[in-house]
Number of protein chains: 4
Amino acid sequence: MPRTEDANQVIREERRHQILKSAAQVFARQGYVGTRIEDIAAAADSSKGLLYHYFAGKEEVFNTLIAMIEAGVRHLFEEAQRLDASPGERLRWLIEREVLGFEQQAQMFPVVLQALVSDSVPDEARDLALGMGRRSQVVMREWIAAGQQSGEIIEGDPDQLALLLITCINGLAVTAAMSLPSGPSAVESLMRLLLRPSQ
Amino acid sequence: MPRTEDANQVIREERRHQILKSAAQVFARQGYVGTRIEDIAAAADSSKGLLYHYFAGKEEVFNTLIAMIEAGVRHLFEEAQRLDASPGERLRWLIEREVLGFEQQAQMFPVVLQALVSDSVPDEARDLALGMGRRSQVVMREWIAAGQQSGEIIEGDPDQLALLLITCINGLAVTAAMSLPSGPSAVESLMRLLLRPSQ
Amino acid sequence: MPRTEDANQVIREERRHQILKSAAQVFARQGYVGTRIEDIAAAADSSKGLLYHYFAGKEEVFNTLIAMIEAGVRHLFEEAQRLDASPGERLRWLIEREVLGFEQQAQMFPVVLQALVSDSVPDEARDLALGMGRRSQVVMREWIAAGQQSGEIIEGDPDQLALLLITCINGLAVTAAMSLPSGPSAVESLMRLLLRPSQ
Amino acid sequence: MPRTEDANQVIREERRHQILKSAAQVFARQGYVGTRIEDIAAAADSSKGLLYHYFAGKEEVFNTLIAMIEAGVRHLFEEAQRLDASPGERLRWLIEREVLGFEQQAQMFPVVLQALVSDSVPDEARDLALGMGRRSQVVMREWIAAGQQSGEIIEGDPDQLALLLITCINGLAVTAAMSLPSGPSAVESLMRLLLRPSQ
DNA sequence: TATGAATGAGTTTTCATTCAT
DNA sequence: GATGAATGAAAACTCATTCAT
């Protein structure tokens with residue numbers, strides 16, 4: 001009965017996704033340690049037992065989540081890279097996309113924040129998050145340096161500027177985590193940190 | 001003969017302070033939920049039992065810590081208010097002081113961050129932290145408005161600008177929590193968000 | 001396939017009952033404070049964790065137990081009330097039934113005793129027990145007064161006589177708690193306190 | 001300086017007595033396990049440390065208390081024995097004295113009750129209390145037998161009658177522990193259990 | 001004699017994980 | 001695939017007891 005197996009496959013995928021989505025929300029609110037398996041299961045309209053069918057445990061759920069986000073960000077950078085635009089425009093596009101929060105999944109930023117900041121998180125997740133941060137910095141530094149060449153971006157150590165940018169993006173993530181709207185012009189304003197005043 | 005009342009008073013004060021200081025460090029690293037009473041006790045060279053002699057529990061330690069920080073920030077604002085300086089200079093002074101982390105207590109920023117972002121934190125602590133944020137925004141908005149009058153600060157909704165500023169300060173806190181140095185000119189650069197290019 | 005809802009229902013009922021039954025025995029021997037959760041769990045062939053699956057804690061177990069006893073006594077009084085018998089015979093029947101200890105549950109008397117006497121018992125339990133005592137006294141007073149009308153019961157303040165009766169029943173509970181047999185004629189003898197010598 | 005030592009001796013005696021008196025009150029309310037050393041110390045206007053100067057620990061305080069009560073009851077029986085009165089009158093006198101509660105120390109009854117009933121009490125204390133009960137029963141049985149000889153006391157197994165009497169006395173202790181007044185005629189009424197109706 | 005800071009063993013409570021159905 | 005009863009290791013908390021002063 002291949003038909004049934006296909007159907008099962010679909011059900012499996014949907015369940016996995018449903019669990020991850022719910023987990024992101026709960027993790028975002030309660031933190032990694034503060035979230036109980038039961039909380040995730042309840043949020044996903046599932047049972048504890050079922051969750052263990054799909055994941056080895058809380059750790060794996062969290063790691064998977066971070067890995068998905070990491071992949072999303074990596075993809076975002078690649079997209080930006082392919083953009084036919086100036087370095088400054090690339091940066092703006094990227095930040096806007098990040099702040100929009102990977103389409104529907106705005107609640108995921110705080111999850112990354114935790115992975116970055118807390119010691120009480122699986123090593124794998126923290127490594128992924130830190131690596132993502134480091135790679136972002138490297139790429140941004142290159143874009144910034146390029147922008148400085150063309151005069152689009154202000155002078156200064158590109159590394160420091162990249163770090164400052166990431167710092168501000170993290171700040172936006174915190175603001176979002178507090179359910180405060182950053183305001184439509186926030187990204188616009190932030191760009192002032194980099195862009196040379198167009199005379 | 002029992003110890004004199006004074007001697008006991010001194011011992012108590014010192015212990016309490018020692019516990020709070022250690023707690024701030026551990027909370028900063030491991031988060032509120034991720035921190036075990038025993039971790040705090042060990043960091044303070046104390047025993048679990050003694051900690052309960054001085055505090056009702058983890059919650060009270062955390063609340064006390066947040067309250068202390070809140071008092072510190074409040075005091076910082078009052079100091080800045082008394083400064084004989086322009087609004088912009090006041091803001092710069094305040095942010096520098098905040099980023100320095102109230103003198104020796106640099107590890108405390110991440111603790112506030114958690115109180116702001118996480119649901120798994122005592123209500124009292126979160127309320128204190130949110131109130132502190134709201135009050136900061138109000139005062140900063142006033143300063144910004146004043147700076148706009150004198151032409152020192154750029155145009156724009158003062159409320160939005162204040163929120164943006166707080167957002168960036170939070171970002172600096174995240175960066176600090178990751179043990180990354182923000183760079184000496186970070187505050188300088190941030191001021192570019194507000195100050196009208198002198199020219 | 002998961003267990004059917006019905007099967008789970010049965011399991012839950014049985015477990016709860018098993019825990020309560022064991023708890024009554026342990027509480028009777030060791031007192032409320034002297035009983036550790038682990039003692040109850042062990043007596044019920046369960047684990048600590050499972051006990052918390054069914055009850056919020058020691059307090060809830062105790063309160064539930066007292067509530068059950070209270071319901072049992074209330075039912076006993078109703079039964080006695082429906083008895084086609086003289087007031088004195090009603091009293092005798094009631095006391096006999098109480099001393100027998102509500103069928104199989106002889107160990108429960110000492111549990112109530114504690115709720116009546118000790119401050120270190122949940123408020124809810126003490127209130128239930130005190131209320132039960134007060135209500136018993138009220139009903140007994142009425143029966144006694146009726147018995148006095150018909151000449152079956154000796155003269156005297158019905159309230160005082162009712163209290164005396166309850167006092168003696170409590171004494172029987174103490175004796176039972178010491179694992180001493182009160183003797184088959186104890187109730188018979190006690191009735192001499194009330195009944196007018198048949199000539 | 002013998003004077004000082006004498007004074008010290010007096011102070012010591014007073015302290016010990018003060019502690020025991022307070023302990024009796026607290027034990028009566030909260031039970032042996034439910035009472036913390038600190039509770040006793042506070043009730044005695046003392047400190048934990050000082051309590052350990054006078055007693056080896058909680059156990060010793062409790063045992064001492066029971067031993068004092070046991071001695072008091074033993075003395076009561078001896079006094080009653082020396083009374084120039086009929087067996088029935090002796091019993092009545094004894095019960096009245098017990099119910100009055102050894103002069104000022106009414107709160108001690110519940111303490112004995114606990115020693116009799118609870119497993120969570122030092123062995124020594126329980127043995128003392130049980131022994132006291134057994135000896136009481138023996139003596140009462142003799143008095144009852146003597147009263148039966150003289151026709152003062154009703155027929156029946158003297159052992160059973162003695163036990164019934166003790167049962168009722170325990171009941172009075174419970175009633176007292178609930179701070180209910182037994183009524184002035186309670187003892188009088190109880191005697192009806194034993195005394196042959198004076199025709 | 002007197003105190004209360006300090007300790008750590010013992011309890012309560014929570015929760016990730018297992019497993020019979 | 002799905003459930004939730006059951007377990008036990010780990011964390012929170014209490015309190016008898018010690019001891020420096």
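None of the values given here were measured: they were computed from a predicted structure. Each chain gets a letter, A, B and so on, in the order its sequence line appears, and its residues count up from 1.
- In the set F:dA5, E:dG4, E:dA6, F:dA5 carries the atom at the smallest distance from any side-chain atom of C:I11.
- OP1 or OP2 of F:dA5 has at least one side-chain nitrogen or oxygen of C:R12 nearer than 4.0 Å.
- Proximity note for D:H53 (side chain, C-beta onward) versus F:dA2, E:dT3, F:dA16: the nearest is E:dT3.
- Side chain of A:Y54, nearest nucleotide from F:dA2, F:dA16, F:dT14: F:dA2.
- Searching all strands for a Watson-Crick or G-U wobble partner of E:dT21 with both distances below 3.5 Å returns F:dA2.
- Within 6.0 Å of the CZ atom in A:R29, the count of heavy atoms belonging to other residues, nucleotides or ligands does not exceed 12.
- Residue B:E13 contributes atom CD, which lies 12 Å from atom P of E:dA5 at whole-angstrom precision.
- With hydrogens and angles disregarded, a donor-acceptor distance shorter than 3.5 Å links the side chain of A:N63 to the backbone of A:A125.
- Between the CD atom of B:E38 and the P atom of E:dG10 there is a distance of 15 Å, rounded to whole Å.
- Atom-to-atom, CZ of A:F55 to P of F:dA2 comes out at 13 Å; the value is rounded to the nearest Å.
- Atoms CZ (D:R36) and P (F:dA16) sit 7 Å apart, rounded to a whole Å.
- With DNA chain E read from its 5' end, the first of the two nearest nucleotides for B:L50 and C:T35 is the one closest to B:L50.
- Mapping C:E59 and A:K58 onto DNA chain E via the closest heavy atom, the residue that lands nearer the 5' end is C:E59.
- What separates OH of A:Y52 from C1' of F:dA6 is a distance of 14 Å, to the nearest Å.
- The shortest distance between the side-chain N/O atoms of C:K48 and the OP1/OP2 oxygens of F:dG8 is not below 4.0 Å.
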